[in-house]
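Here's the structure, in structure tokens; my notes come after.
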Amino acid sequence: MKKMLNIALPKGRLGEKVYAMFETAGFPCPEILEESRKLIFENHALLLRYFWVKPSDVAIYVERGAADIGVCGKDILLEYEPDVYELLDLKMGKCIMAVAAKTGFIDNPQRTLKIATKFSHIAQQYYNAKGRDIDIIHLNGSIEIAPILGLSDVIVDIVETGKTLQENDLAVMETVVPISARLIANKSAFKFKGEQIESIAAKLAAITEAEK
Ligand code: PRP
């Protein structure tokens with residue numbers, strides 16, 4: 001007998017778009033759209049259980065098997081390197097991971113570069129590859145303030161519309177990597193619920209192809 005498939009969605013704007021894509025693909029759960037504080041929703045007929053989690057926690061649920069599949073940003077996969085399968089680029093939630101600084105900042109390669117970021121691992125790898133001496137200051141949010149107050153020289157952060165940078169007199173210096181939402185799967189669930197997971201992945205893939 002088939003079991004319920006647990007799907008972790010990132011709570012927030014991206015999550016709503018992602019759910020809409022699952023619905024279009026034939027995996028609806030209308031209750032999810034009702035205004036409420038509920039976090040778990042089930043479609044018994046289709047054996048689906050959706051739940052909203054913090055975007056940066058999706059990969060934890062999937063890696064540990066509390067969710068069979070989930071959707072999270074490539075930024076999270078690069079930063080935490082969770083032991084999951086990355087099945088599909090959903091081509092939504094597109095943005096870039098970038099190095100940004102105060103407008104007019106000129107880097108002196110002889111000096112240690114001070115970097116404020118939520119993405120310490122990504123920043124470390126990026127500058128290791130360049131052989132650059134850096135000092136990482138790990139922050140949890142509002143990263144843009146760091147160079148303004150002199151806490152850091154630059155930031156490594158997500159840039160979507162560029163509005164946050166612009167409104168704080170910062171500018172992109174370099175693109176580190178393009179980011180988008182990815183469908184991920186728990187490794188053992190992919191073995192035991194493979195048929196269900198592959199059918200969802202194939203239908204979502206068909207939508208991303210059609211939207212190209
Ligand atoms: C992200 C990122 C930037 C902003 C970029 O922040 O850290 O601050 O979005 O978007 P924009 O280019 O469209 O202005 P998020 O909303 O995730 O909040 P946080 O970093 O403060 O947690």
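Both ligands and their constituent atoms are indexed starting at 1 by order of listing. The residues of the chain are indexed from 1 along the displayed sequence. Side chains are part of it too, since the values below use all heavy atoms of this structure and drop only hydrogens, waters and symmetry mates.
We find that K114 and D153 are not joined by a salt bridge, their nearest charged nitrogen and carboxylate oxygen being 4.0 Å or further apart. A salt bridge links K74 to E86: one of the charged nitrogens lies within less than 4.0 Å of a carboxylate oxygen. Salt bridge status for K187 with D83: present, with a side-chain N to carboxylate O gap under 4.0 Å.
Within the structure, salt bridge (Lys or Arg N to Asp or Glu O under 4.0 Å) contacts touching residues 126-150 (residues at least two apart or in different chains) are D107-R132, K130-E174.
Enumerated by chain and number, the residues approaching ligand 1 to less than 4.0 Å through a heavy atom are K118, G141, S142, E144, D157, I158, V159, E160, T161, G162, K163, T164.
In this pair, F51 and Y61 present their aromatic rings tilted. The plane angle is within the 30 to 60° band.
Judged purely by atom type and a 3.5 angstrom limit, T175 has no side-chain atom pairing as donor or acceptor with the backbone of A98.
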